J.: 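Right, I'll just put the structure down here and ask away after.
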Amino acid sequence: MPGRPIVGSGPEAAADPLGFYTRAQRELGDVVRFQAIAGITWYMVAHPEGIEHVLRSRQKNYRKAERFTGPVSALAGNGLVVAEGESWLRNRRLMQPVFHRKSIAQLGRVMANAIDADAQRWERLSREGATVELSREMLRITLRIVSTTLLSSDISSETDRIGNAVKEALAFIGRRTAASLSLPLWVPTPSNRRFLGQRRSMDELVFRIIRERRAAAGQEQIGDLLDMLMSAQDAETGERMSDQQVRDEVFTLLIAGHETTAASLSWAWILLGQNPAVLEALQEELDRVLGGRTPSFEDLPNLPYTGAVFDEVLRLYPPAWGLPRVAVEDDEIGGYRIPAGAMLLLPQWVTQRNPQLWDEPERFIPSRWLDGRRARLHEFACFPFGGGARQCIGSHFALTEAQLVLATLAQRFTVELLTSNLGADPTFALRPRDEVPVRVQLRASTLAPGVRSGGSGVLRQQ
């Protein structure tokens with residue numbers, strides 16, 4: 001059986017992919033074949049068992065889709081997120097120790113200091129009664145964190161310039177990914193020239209820092225991610241990364257640690273604004289455990305509700321809303337034949353909101369992740385970081401970063417949402433579609449000096 005077909009579905013999928021694939025699963029089931037007008041055939045596989053088949057059981061039969069990784073490689077080179085085969089395996093072995101729990105614990109202290117600097121800025125904004133744009137604020141915070149943990153203070157004076165370059169470059173990549181046809185980068189269109197200039201600007205900065213670190217070899221290491229990448233050594237061959245390989249992984253981490261985490265944090269504030277009882281429960285836990293002090297990596301195991309809040313954010317708004325793959329050889333999934341060369345979509349957005357898998361799937365209910373209920377879920381009922389051998393290597397880094405941001409800021413502030421226009425943009429990382437103006441407000445302190453109240457300061461939506 002070839003899979004339940006929808007004919008002529010390309011334009012519909014492009015116009016509203018989140019709604020289109022959700023309707024397809026609800027009406028036609030967990031394996032659906034689509035026939036685009038241009039003659040391209042692709043499949044959606046939305047059931048956890050089928051997803052596990054692709055990402056784990058038969059993972060060697062499914063490679064990443066050049067149609068989607070090509071635009072990303074224009075910025076990130078042959079970094080881990082786009083590499084295939086032996087190149088991917090070698091780089092994965094090299095980078096595995098970089099993201100070991102002990103390394104993340106060390107970086108957690110750097111993250112906490114970077115977040116605290118932004119918390120002080122929010123205090124000033126609160127006193128001024130300023131209105132700011134939520135997504136831009138989250139991008140500012142995550143760029144400070146990733147630049148500090150990745151490149152230490154070398155980038156601090158250039159944060160705004162690099163942040164704008166990264167933002168514009170990612171927007172360009174998003175447009176190329178969504179387009180059915182894009183001109184090669186060597187064609188001197190205005191958008192191509194702008195992108196190449198932004199990439200050149202970032203290249204100059206990163207290669208300069210790499211050269212300076214190489215020149216300082218033998219001196220005391222700074223201990224950031226760049227140091228870890230440059231000193232990483234293949235246990236089997238003894239090889240280290242070249243400057244170009246280090247550069248590619250730096251760019252990959254800038255994308256993964258900056259854009260995607262910022263999008264998730266934006267959704268966290270929006271969902272807390274729509275669910276004041278959840279915010280109150282979150283702040284009660286933060287007040288009880290932290291007592292007003294800045295959270296650390298070591299505090300996170302003692303903040304289960306904070307972790308559950310972010311798990312629920314990732315369920316509802318996964319940064320990557322669908323994973324594309326290409327079948328190498330003929331296969332069968334759920335009783336349906338998958339021909340060699342077929343493109344597959346594994347849609348987190350659809351699976352993680354499927355009413356057959358989740359009670360009240362559209363509701364924001366962090367408690368569904370507590371009291372051992374996580375263990376009763378199929379592993380691939382919720383897979384925001386992918387799965388199998390190619391599961392995101394930086395997932396623990398991202399979760400640590402996001403939970404520390406949320407714990408630090410929610411303990412001290414409320415955020416008043418000033419809009420109800422809160423649709424999702426699936427072009428690149430799943431971010432709010434439009435600007436989200438907010439007003440930052442300090443929570444009233446009713447406890448001892450330095451300790452924040454656990455009251456019901458809520459995010460109000462107008």
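Because the structure is a prediction, the values reported are computed rather than measured. Side chains are part of it too, since the values below use all heavy atoms of this structure and drop only hydrogens, waters and symmetry mates.
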J.: Does the side-chain contact (heavy atoms from CB on, under 4.5 Å) test come out yes or no for Leu314 and Trp267, once each step is laid out?
T.: CA-CA 9 Å; Leu314 291 175; Trp267 289 118; over 6 Å; no

J.: Just verifying a value: how many Å separate Glu52 CD and Phe383 CZ, rounded to the nearest 0.5 Å?
T.: 11.5 Å

J.: Side chain of Asp16, backbone of Gly19: donor and acceptor closer than 3.5 Å?
T.: yes

J.: Calculate, to the nearest 0.5 Å, the distance between atoms CD1 and CE belonging to Ile104 and Met111 respectively.
T.: 5.5 Å

J.: Between Tyr305 and Phe310, is the ring centre distance below 6.0 Å?
T.: no

J.: Is there side-chain contact between Val350 and Arg26, with heavy atoms separated by less than 4.5 Å?
T.: yes

J.: Do the side chains of Glu332 and Arg58 get close enough for a salt bridge, i.e. N-O under 4.0 angstrom?
T.: no

J.: Which atom names give the shortest non-hydrogen contact between Pro366 and Ala308, and what distance separates them?
T.: O-CB, 3.4 Å

J.: Within the 4.5 Å heavy-atom criterion, are Phe34 and Met44 side-chain neighbours or not?
T.: yes

J.: Atom CG in Leu229, atom CE in Met241: separation rounded to 0.5 Å?
T.: 5.5 Å

J.: OG1 of Thr414 to CD of Gln441: how many Å apart, nearest 0.5 Å?
T.: 4.5 Å

J.: Whether the side chain of Ser126 engages the backbone of Trp122 through a donor-acceptor N/O pair (distance < 3.5 Å, no angle test) should be reported.
T.: no

J.: Would you indicate whether the side-chain heavy atoms of His47 and Ile51 approach each other to under 4.5 Å?
T.: no

J.: To the nearest 0.5 Å, how far apart are CG in Leu286 and OG1 in Thr408?
T.: 9.0 Å

J.: With a 4.5 Å limit on heavy-atom distance, are the side chains of Glu360 and Ile365 in contact?
T.: yes

J.: Given the rule in the side-chain contact (heavy atoms from CB on, under 4.5 Å) test, do Arg293 and Gln411 qualify, once you have shown the distances and angles that lead to the verdict?
T.: CA-CA 9 Å; Arg293 61 180 172 79; Gln411 182 185 205; 5.8 Å; no

J.: Report yes if the side chains of Leu125 and Glu137 come closer than 4.5 Å at any heavy-atom pair, otherwise no.
T.: yes

J.: So which heavy atom on Gln274 is nearest to which on Leu422, and how close?
T.: NE2-CD1, 3.5 Å

J.: Specify the closest pair of heavy atoms between Ala429 and Glu259, including all atoms of both residues, with the distance to one decimal.
T.: CB-CG, 3.9 Å

J.: Got a donor-acceptor contact below 3.5 angstrom from the Gln283 side chain to the Ala410 backbone?
T.: yes

J.: Give the intermediate values and the outcome of side-chain contact (heavy atoms from CB on, under 4.5 Å) for residues Trp369 and Leu377.
T.: CA-CA 10 Å; Trp369 296 98; Leu377 286 170; 3.8 Å; yes

J.: Run the numbers on Phe397 and Thr149 for side-chain contact (heavy atoms from CB on, under 4.5 Å), then give the verdict.
T.: CA-CA 10 Å; Phe397 179 97; Thr149 55; 3.5 Å; yes

J.: Using every non-hydrogen atom in the two residues, find where Ile141 and Leu409 come nearest and quote the distance to one decimal.
T.: CD1-CD1, 3.8 Å

J.: Are the side chains of Pro48 and Glu379 in contact, using a 4.5 Å heavy-atom criterion?
T.: no

J.: So, do Thr22 and Trp349 sit near enough that their side-chain heavy atoms are less than 4.5 Å apart?
T.: yes

J.: Do the side chain of Asn61 and the main chain of Ala327 share a donor and acceptor less than 3.5 angstrom apart?
T.: no

J.: Pairing donors with acceptors under 3.5 angstrom, does anything connect the side chains of Glu285 and Thr306?
T.: yes

J.: Do you know the tightest heavy-atom contact between Val328 and Arg63?
T.: CG2-CG, 4.3 Å

J.: We want to know whether Thr351 and Asn354 form a side-chain donor-acceptor pair, criterion being a heavy-atom distance below 3.5 angstrom.
T.: no

J.: Give a yes or no on whether a salt bridge exists between Arg412 and Asp116, defined as a side-chain N under 4.0 angstrom from a carboxylate O.
T.: yes

J.: Does the plane of the ring in His396 sit parallel, tilted or perpendicular to the ring in Phe297? Use 30° and 60° as the thresholds.
T.: perpendicular

J.: Quick one: side chain to side chain contact (heavy atoms under 4.5 Å, CB included) partners of Pro426, sequence neighbours excluded?
T.: Pro17, Leu18, Trp321, Leu430

J.: Main chain of Ser296, side chain of Asp299: is a donor-acceptor contact present, judged purely on distance under 3.5 Å?
T.: yes

J.: Please examine the side chains of Leu345 and Tyr43, heavy atoms only from C-beta on, and report whether any two atoms are closer than 4.5 Å.
T.: no

J.: Can you tell me if CD on Gln391 sees more than 12 non-hydrogen neighbours from other groups inside 6.0 Å?
T.: yes

J.: Check this for me: does any side-chain nitrogen of one of Glu133 and Arg140 sit under 4.0 Å from a carboxylate oxygen of the other?
T.: no

J.: When rounded to the nearest 0.5 angstrom, what distance separates CG in Leu139 from CZ in Arg431?
T.: 8.0 Å

J.: Restricting to non-hydrogen atoms, name the atom on Gly108 and the atom on Leu404 that form the minimum distance, rounded to 0.1 Å.
T.: O-CD1, 3.9 Å

J.: Determine, for Glu27 against Arg23, whether the closest basic-nitrogen to carboxylate-oxygen distance falls under 4.0 angstrom.
T.: no

J.: With a cut-off of under 6.0 Å to the ring centre and 45° to the axis, is Arg433 in cation-pi contact with Tyr317?
T.: no

J.: Scan residues 302-313 for pairs that pass salt bridge (charged side-chain N to carboxylate O under 4.0 Å, His left out), counting only residues two or more places apart or in two chains.
T.: Asp311-Arg374, Glu312-Arg315, Glu312-Arg368

J.: Is it the case that His53 and Asp331 place a side-chain donor and acceptor less than 3.5 Å from each other?
T.: yes

J.: Is there a donor-acceptor pair under 3.5 Å between the side chain of Asp330 and the backbone N or O of Ala340?
T.: yes

J.: Are Asp30 and Gln25 close enough that a side-chain donor and a side-chain acceptor fall under 3.5 Å?
T.: yes

